[in-house]
Engineer: 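Dumping the structure here so I can ask a few things about it.
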Amino acid sequence: MTASFTSGKARRAGIALGAVSVGLLVLSACDKPTPLATVTVGTTSVNAEAACRNDGKVLSEEKLTTCLSSVKTSKTIKYSPGSTLRLGVDPDVVEHGDKWIALLDGSPIFGEPISTTYRSFPNADVFATGGQSAAPKSRKINIVQVNEDNKPKSVWGFTLKHDNG
């Protein structure tokens, strides 16, 4: 009759190895986090995951319209006229030929989509109305990731709130 005796040290090592294996299996099943976009005003920043994303595929026109008009999912940051507005995206956003564009209340802030991860607008006055009406209390900024054909793939939403003080 043969009896197998295992030391307590070997048993603990086996249990630890099993726990690590289960942990790695659980982590491999997790979704990859979506890239972030960031809006910075002065020394204050807010970042957000994409409000709309179609797993790397192009968004439908209906989905894009819904994403651009959805204010409740946007992060808010205070903005004083004349401040420097900085917009940024994770490097993942511009990989594989993709670019991004920023929209202020649905209108492009700059001409062509860009492939860099950062854009700065010194002394911007995003609340200027040209003297035609009272300045709005808030403005919506969307960052839209587009593919090489300028078709939308992801949308991030932010709200600039007028800082009156």
Side-chain angles (χ1 to χ4, degrees), residues 17 19-128 135-163:
L17 181 60
V20 168
S21 298
V22 169
L24 289 174
L25 181 63
V26 168
L27 284 176
S28 68
C30 293
D31 290 334
K32 181 180 174 187
T34 63
L36 298 176
T38 303
V39 173
T40 303
V41 177
T43 59
T44 305
S45 293
V46 293
N47 58 41
E49 290 187 354
C52 297
R53 189 168 174 85
N54 192 17
D55 201 24
K57 299 178 188 110
V58 172
L59 296 171
S60 69
E61 192 170 319
E62 181 181 318
K63 182 71 172 174
L64 177 64
T65 301
T66 300
C67 293
L68 292 175
S69 63
S70 177
V71 177
K72 53 187 170 178
T73 60
S74 67
K75 298 270 184 124
T76 300
I77 188 168
K78 288 185 177 181
Y79 183 85
S80 297
S83 297
T84 298
L85 175 66
R86 295 175 184 90
L87 306 175
V89 296
D90 277 351
D92 292 350
V93 173
V94 294
E95 283 184 344
H96 312 295
D98 287 351
K99 297 179 180 182
W100 62 281
I101 191 160
L103 306 173
L104 181 63
D105 289 340
S107 297
I109 297 176
F110 43 86
E112 294 294 315
I114 60 172
S115 59
T116 59
T117 59
Y118 175 80
R119 187 76 188 255
S120 179
F121 304 92
N123 301 312
D125 193 356
V126 299
F127 292 103
K137 294 184 191 294
S138 66
R139 302 287 302 261
K140 175 86 171 173
I141 285 194
N142 289 106
I143 294 174
V144 181
Q145 178 186 17
V146 296
N147 66 11
E148 60 277 354
D149 297 324
N150 291 332
K151 303 286 185 192
K153 292 174 65 175
S154 301
V155 178
W156 293 263
F158 299 91
T159 301
L160 295 178
K161 186 176 178 185
H162 198 289
D163 187 7

Engineer: Could you tell me whether the side chain of Leu59 reaches within less than 4.5 Å of the side chain of Val144, counting heavy atoms only?
Structural biologist: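 A side-chain contact is absent here, since even the closest heavy-atom pair is not under 4.5 Å.
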
Engineer: Counting heavy atoms not belonging to Asp149, are there more than 12 under 6.0 Å from its CG?
Structural biologist: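 Buried by this count: over 12 neighbours within 6.0 Å.
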
Engineer: Is any side-chain heavy atom of Asp105 closer than 4.5 Å to a side-chain heavy atom of Lys140?
Structural biologist: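 Yes; the side chains approach each other to less than 4.5 Å.
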
Engineer: Is there a side-chain contact between Gln145 and Arg53 (heavy atoms, below 4.5 Å)?
Structural biologist: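 In short, these two side chains touch, coming nearer than 4.5 Å.
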
Engineer: Within a 6.0 Å radius of atom CD on Glu148, are there more than 12 heavy atoms belonging to other residues, nucleotides or ligands?
Structural biologist: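 Counting other residues, nucleotides and ligands, CD of Glu148 exceeds 12 neighbours.
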
Engineer: For the pair Trp100 (side chain) and Thr116 (backbone), establish whether a donor and an acceptor sit closer than 3.5 Å, ignoring hydrogens and angles.
Structural biologist: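 Checking the backbone N and O of Thr116 against the side chain of Trp100, a donor-acceptor pair under 3.5 Å is found.
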
Engineer: Answer whether the closest heavy-atom distance between the side chains of Val41 and Leu85 falls below 4.5 Å.
Structural biologist: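 A side-chain contact exists here, since the closest heavy-atom pair is under 4.5 Å.
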
Engineer: State, to 0.1 Å, how close Thr34 and Ala50 come at their nearest heavy-atom pair, and which atoms those are.
Structural biologist: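 Closest heavy-atom pair between Thr34 and Ala50: OG1-N, 3.9 Å.
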
Engineer: What pair of heavy atoms forms the shortest contact from Ser120 to Thr84, and how long is it?
Structural biologist: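 Residues Ser120 and Thr84, closest heavy atoms: OG-CG2, 3.4 Å.
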
Engineer: Does Tyr79 offer a backbone N or O that forms a donor-acceptor pair with the side chain of Ser83 under 3.5 Å?
Structural biologist: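 No.
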
Engineer: Are Thr66 and Cys52 side-chain neighbours, meaning at least one heavy-atom pair lies under 4.5 Å?
Structural biologist: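 No, their side chains stay 4.5 Å or more apart.
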
Engineer: Among Thr159, Leu160, Thr40, which residue satisfies the side-chain contact (heavy atoms from CB on, under 4.5 Å) criterion with Ile77?
Structural biologist: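 By the side-chain contact (heavy atoms from CB on, under 4.5 Å) criterion, Ile77 pairs with just one of Thr159, Leu160, Thr40: Leu160.
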
Engineer: Checking Arg139 side chain against Val126 main chain: does a donor-acceptor pair fall under 3.5 Å?
Structural biologist: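 Present.
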
Engineer: So, do Val93 and Thr117 sit near enough that their side-chain heavy atoms are less than 4.5 Å apart?
Structural biologist: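 Val93 does not reach Thr117 side chain to side chain.
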
Engineer: Grab the two heavy atoms, one from Lys161 and one from Phe127, that are nearest each other, plus how far apart they are.
Structural biologist: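 Reported closest heavy-atom pair: C-CZ, 3.8 Å.
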
Engineer: How about Thr38 and Ser45: does a side-chain donor come under 3.5 Å of a side-chain acceptor?
Structural biologist: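 Judged by distance alone, the side chains do not pair up.
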
Engineer: Side chain of Lys75, backbone of Asn47: donor and acceptor closer than 3.5 Å?
Structural biologist: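 Side chain of Lys75 to backbone of Asn47: a pair is present.
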
Engineer: Is the side chain of Asp125 donor-acceptor paired with the backbone N or O of Pro81 at a distance under 3.5 Å, no angle test?
Structural biologist: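 A pair under 3.5 Å: no.
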
Engineer: What's the shortest heavy-atom distance between Leu87 and Ala102, and which atoms?
Structural biologist: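 Taking every non-hydrogen atom into account, CD1-CB, 3.5 Å.
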
